[in-house]
Amino acid sequence: MPEAPEMELYKNYLNKWVKGKRIIEINVLRTKSLNLESTDFRNLLRGKLIQDITRRGKFLIFQLDDGYYLLTHMMLDGRLYFLAVENVKKLLLSEVVLNDAEELKQRIKELPGKASVIFSLWDGSMLFFCSLTLGYLHYLGQEPLDKKLQELGKEPLDPNFRVEDFTRLLEGKKGMIKPWLMNPKNVAGVGNAYSNETLFKAGILPTRLISSLSKAEKESLYHSLVSILQDSIRLGGDMEEKFAPGDDFTGGYNPHFQAYDRAGKLCLSCHEVIQKLEVGGRQAFFCPNCQK
C-alpha cells in the first residue's frame with residue numbers, strides 16, 4: 001500500500017505535470033470507485049481546471065476551480081499513471097480502447113493495473129487512476145472534505161510537528177507500539193512498511209507496550225520515523241510501478257529497507273536472521289538482536 005512517501009511523490013509529480021490543466025474528458029471504467037453516478041461525475045468534472053494538488057496522510061486532494069475537490073485514496077493496489085501528449089500520440093489511443101480496461105492494459109504495457117478512471121487533459125496528456133478496487137476517487141465540497149480529513153492524526157512530515165508533540169501523543173497510551181504507529185488517527189500516512197523500518201531504526205520491538213517505552217526511546221522513535229520518511233521521498237519511495245514512461249526515480253528506496261519484507265535474511269547490522277510474526281493483524285519484521 002502506498003504510504004506517505006509514495007503519496008508525497010505522486011503529489012510532486014502531479015504538481016509538475018498536471019497542475020494548471022483542464023480536464024477535457026473523463027472515462028469511467030469502474031463506477032464503484034466514485035461517490036457519484038458516472039454520468040454526473042463526468043458532467044461535473046468536464047472542463048474543470050486543476051488548480052493544485054496537496055497531500056494529507058495517504059490522501060491526495062485535487063483542488064478544482066469550482067470550489068470543489070477530488071479526494072483519492074489508493075488503498076492497497078491503487079496507482080497513478082501519466083502519459084504526456086507525445087506518448088499518447090505514439091500509442092494512437094482511440095475512444096474504443098479508452099473504454100475497455102482489458103484492451104487498454106494490453107496497449108500500454110507499463111500501465112500499473114486496469115484503469116478505473118481516465119482524465120484526458122486539455123494539452124492531449126492523460127492521467128490514469130488504476131486498480132481502484134478498494135481505493136476511490138470522490139468529488140467533494142469543502143465541508144465533507146474537512147470532515148474526512150479531520151479523522152486523521154498528526155502529519156509526521158509537517159515541519160511544525162516536533163518531538164515534544166510526538167511524545168505527548170504517546171502519554172498514557174496502552175497496547176503495542178506497531179499498531180499504534182499504523183493507526184491514521186494517531187499519525188497520518190504510516191503503514192506496514194515504514195512502521196517496520198521505524199521500529200528497526202529505533203531499536204524497538206514491534207510488540208513492545210507503549211507504556212514500557214522510556215522517554216529516550218520515544219524520542220528515538222520520532223527521529224527514526226521522520227528521517228526514514230524523508231529518506232524515502234528523497235530516494236523515490238518503494239513502489240515498483242512507474243508514474244510515467246521513462247520514470248527511473250520511483251521505487252528507488254526499495255534496496256534500502258533494513259527490516260521490512262526481509263524475513264529469513266541476515267540483519268544488515270548484526271547478521272542475525274530477520275524474524276516475522278503477526279502483530280495487530282499485520283506482518284511485523286524485526287531483528288531479535290538489534291530490537292529490544
Q: Would you compute the distance between atom CD1 of Ile23 and atom CG of Leu70 and round it to the nearest 0.5 angstrom?
A: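 Taking CD1 in Ile23 and CG in Leu70, the distance rounds to 6.0 Å.
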
Q: Mark yes when over 12 heavy atoms from residues, nucleotides or ligands other than Lys105 sit less than 6.0 Å from its NZ; otherwise mark no.
A: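 Enclosed.
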
Q: Sorted by first residue and then second, give each ring-ring contact (aromatic ring centres under 6.0 Å, His included) pair with at least one member in residues 273-292; sequence neighbours left out.
A: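 For residues 273-292, and leaving out neighbouring residues, the ring-ring contact (aromatic ring centres under 6.0 Å, His included) pairs sorted by first residue read Tyr260-Phe285.
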
Q: Where do Ile177 and Leu199 come nearest, in terms of heavy atoms and distance?
A: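 Looks like CG2-CD2, 3.7 Å.
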
Q: Side-chain atoms of residues 127-140: list all donor-acceptor pairs with protein atoms under 3.5 Å, sequence neighbours left out, distances to 0.1 Å.
A:
unit_1 : atom_1 : unit_2 : atom_2 : d
Tyr139 : OH     : Asp66  : OD2    : 2.5

Q: Mind listing the closest non-hydrogen atom pair of Arg107 and Val97 along with its distance?
A: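 Looks like NH2-CG2, 3.5 Å.
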
Q: Could you go step by step and tell me if Asp247 and Phe82 meet the side-chain contact (heavy atoms from CB on, under 4.5 Å) rule?
A: CA-CA 10 Å; Asp247 173 15; Phe82 178 76; over 6 Å; no

Q: Considering all heavy atoms of both residues, which atom of Gly124 and which atom of Val88 are nearest to each other, and what is their separation?
A: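 Looking at all heavy atoms of both residues, the shortest contact is O-CG2, 3.4 Å.
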
Q: About how many Å separate CG of Leu60 and CD of Glu6, when rounded to the nearest 0.5 Å?
A: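 Answer for the CD-CG pair, Glu6 versus Leu60, is 11.5 Å.
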
Q: Show me the pairs that pass ring-ring contact (aromatic ring centres under 6.0 Å, His included) and involve residues 19-40, at least two apart or across chains.
A: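 Matches after skipping sequence neighbours: none remain.
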
Q: Using 0.5 Å steps for rounding, measure from the OG1 atom of Thr72 to the CE atom of Met74.
A: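 Thr72 atom OG1 to Met74 atom CE measures 3.0 Å (nearest 0.5 Å).
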
Q: Any salt bridge between Lys185 and Glu151, counting N to O under 4.0 Å?
A: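 Salt bridge absent between Lys185 and Glu151.
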
Q: Taking side-chain hydrogen bond (donor to acceptor under 3.5 Å, both in side chains) as the cut-off, I'd like each qualifying pair that reaches into residues 115-124, sequence neighbours left out, listed once.
A: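 Non-adjacent pairs meeting side-chain hydrogen bond (donor to acceptor under 3.5 Å, both in side chains): Lys21-Asp123, Asp123-Ser125.
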
Q: Using the side-chain hydrogen bond (donor to acceptor under 3.5 Å, both in side chains) rule, collect all pairs that involve residues 231-245, keeping only residues at least two apart or in two chains.
A: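 The answer is Arg79-Glu241, Tyr194-Ser232, Asp231-Arg234.
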
Q: What do you reckon, is NZ of Lys215 surrounded by more than 12 foreign heavy atoms closer than 6.0 Å?
A: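 Not more than 12 within 6.0 Å, no.
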
Q: Begin with the C-alpha distance, continue with both residues' side-chain angles, and end with the deciding distance and a verdict on side-chain contact (heavy atoms from CB on, under 4.5 Å) for Gln63 and Thr54.
A: CA-CA 8 Å; Gln63 182 180 344; Thr54 57; 5.9 Å; no

Q: Minimum heavy-atom separation for Ala188 to Arg56, with atom names?
A: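 Shortest heavy-atom contact: CB-NH1, 3.5 Å.
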
Q: To the nearest 0.5 angstrom, please state how far the CE atom of Met7 sits from the CD1 atom of Ile233.
A: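 Answer rounded to 0.5 Å: 12.0 Å.
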
Q: Is the number of heavy atoms from other residues, nucleotides or ligands within 6.0 Å of CZ (Phe161) greater than 12?
A: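 Counting other residues, nucleotides and ligands, CZ of Phe161 exceeds 12 neighbours.
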
Q: Roughly how far apart are Ile50 CD1 and Leu14 CG, rounded to 0.5 Å?
A: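 Reported to 0.5 Å precision, the distance equals 8.0 Å.
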
Q: For atom NZ of Lys90, is the number of surrounding heavy atoms from other residues, nucleotides or ligands below 6.0 Å larger than 12?
A: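 At most 12 heavy atoms, drawn from other residues, nucleotides or ligands, come within 6.0 Å of this atom.
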
Q: Just list the side-chain donor-acceptor pairs under 3.5 Å for residues 269-282, sequence neighbours left out, or say none.
A:
unit_1 : atom_1 : unit_2 : atom_2 : d
Gln275 : NE2    : Val273 : O      : 3.2

Q: Look at Asp52 together with Lys19 and state whether they make a salt bridge at an N to O cut-off of under 4.0 Å.
A: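 Looking at Lys19 together with Asp52, the answer is yes, because their closest N to O distance falls below 4.0 Å.
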
Q: Please report the shortest heavy-atom distance between Gln291 and Ile204, naming the atom on each side.
A: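 For Gln291 and Ile204, the tightest heavy-atom pair comes out as NE2-O, 2.8 Å.
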
Q: Provide the closest heavy-atom pair for Ala101 versus Lys114 in the form atom of the first, atom of the second, distance.
A: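 Taking every non-hydrogen atom into account, CB-CB, 4.2 Å.
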
Q: Quick one: CD1 on Ile61 to NZ on Lys11, what's the gap to the nearest 0.5 Å?
A: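 NZ of Lys11 is found 10.0 Å from CD1 of Ile61.
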
